[in-house]
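Here's the structure, in structure tokens; my notes come after.
Atom set for the values below is all heavy atoms of this structure, side chains included, hydrogens, waters and symmetry mates excluded. Order of the sequence lines fixes the chain letters, A, B, ..., with proteins taken first and strands second; residue numbering starts at 1 for each chain.
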There are 2 protein chains.
Amino acid sequence: MLNPLSPVPLYVQLADVLATKIGRGELQPLHPLPSEKHLQQEFGVARGTARAAVRLLRERGLAMTVPQRGTYVTERKS
Amino acid sequence: MLNPLSPVPLYVQLADVLATKIGRGELQPLHPLPSEKHLQQEFGVARGTARAAVRLLRERGLAMTVPQRGTYVTERKS
DNA sequence: GCGGATTTGTACGTATGTATG
DNA sequence: GCATACATACGTACAAATCCG
């Protein structure tokens, strides 16, 4: 899935993977993203890396996080 | 300086301390902020905590970071 | 209401890479 | 070549809020 040898940081690669899934509709608006723990296990990264990827998605406006609840795909125009 | 028992996270407290110094003019626009290592030592926090504080300052528009150079106080309109 | 599981938040430490001076 | 400084990535631990049985 992710390439540790790429100059593109793992957390960026992971965010891109998730963003692509959102774009494809595999992850739908108002539905939860996989939890940090799930992302760790699925992609074999550390939690900090998974968190950084989710943070990037938030900064891109693709997701929003509710503390102690989870992170949800943002409802989007277009 | 910082209060570990406060409900306010250390990295927020640290960002506030730096923001106050900027506001007072103790840290001036276009001048460098203390390095992450310096912040660690001066405030007795881990590097991740110092980084989080600097990140918060960037998000607040108070500072900008140049990789491998340092973080600089942002030039501000009053 | 209680207890356990889940999930995010904070904080620590360490190591390595890369660019700058 | 060496020191500095930020970037990435790993790991660990505990806290706090939520959810569910």
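- The minimum heavy-atom distance linking A:R58 with A:T65 is given by the pair NH1-OG1, 2.8 Å.
- Across all non-hydrogen atoms, the minimal contact from B:Y11 to B:A53 is O-CB, 3.4 Å.
- B:H31 places a side-chain N or O within donor-acceptor distance of the main-chain N or O of B:P29, the cut-off being under 3.5 Å.
- When each of D:dT8, C:dT8, C:dG21 is scored by its nearest atom to the side-chain atoms of B:R69, the top-ranked nucleotide is C:dG21.
- When the side-chain nitrogen and oxygen atoms of A:Y11 are compared with OP1 and OP2 of D:dA9, none of them lie within a distance under 4.0 Å.
- The salt bridge (charged side-chain N to carboxylate O under 4.0 Å, His left out) search around A:R55 returns B:E59, not counting sequence neighbours.
- A:V73 is not listed as a side-chain neighbour of A:Q28, based on a closest heavy-atom distance of 4.5 Å or more.
- Heavy-atom minimum distance, A:V12 versus A:R60: CG1-NH2, 4.4 Å.
- For A:Q40, there are no side chain to side chain donor-acceptor pair (under 3.5 Å) partners two or more places apart in sequence or in a different chain.
- Of the residues in residues 28-49 of chain A, those with a non-hydrogen atom less than 4.0 angstrom from any atom of DNA chain C are A:S35, A:E36, A:R47.
- Residue A:L39 comes nearest to A:V45 through the heavy atom pair O-CG2, 4.3 Å, listed as atom of the first residue, atom of the second, then distance.
- Going from atom CG of B:L5 over to atom P of C:dA11 covers 12 Å, rounded to whole Å.
- Helical stems involving DNA chain D, defined as 3 or more consecutive Watson-Crick or G-U pairs under 3.5 Å, span C:2-21 with D:2-21.
- What separates CZ of A:R51 from P of C:dT10 is a distance of 7 Å, to the nearest Å.
- The minimum heavy-atom distance linking B:A15 with B:L57 is given by the pair O-CD2, 3.5 Å.
- Think of B:L30 as one node in a network of Ile, Leu, Val, Met, Phe, Trp and Tyr side chains linked at under 4.5 Å; it has no links at all.
- Looking at B:D16 and B:K21, no side-chain N of the basic residue comes within less than 4.0 Å of a carboxylate O on the acidic one, giving no salt bridge.
- When the P atom of C:dT10 is taken as reference, atom CG of B:L10 falls 11 Å away, rounded to whole Å.
- Of the residues in residues 53-64 of chain B, not one comes within less than 4.0 Å of DNA chain C through any heavy atom.
- The residue among A:V12 and A:Q68 whose nearest nucleotide of DNA chain D lies closer to the 5′ end is A:V12.
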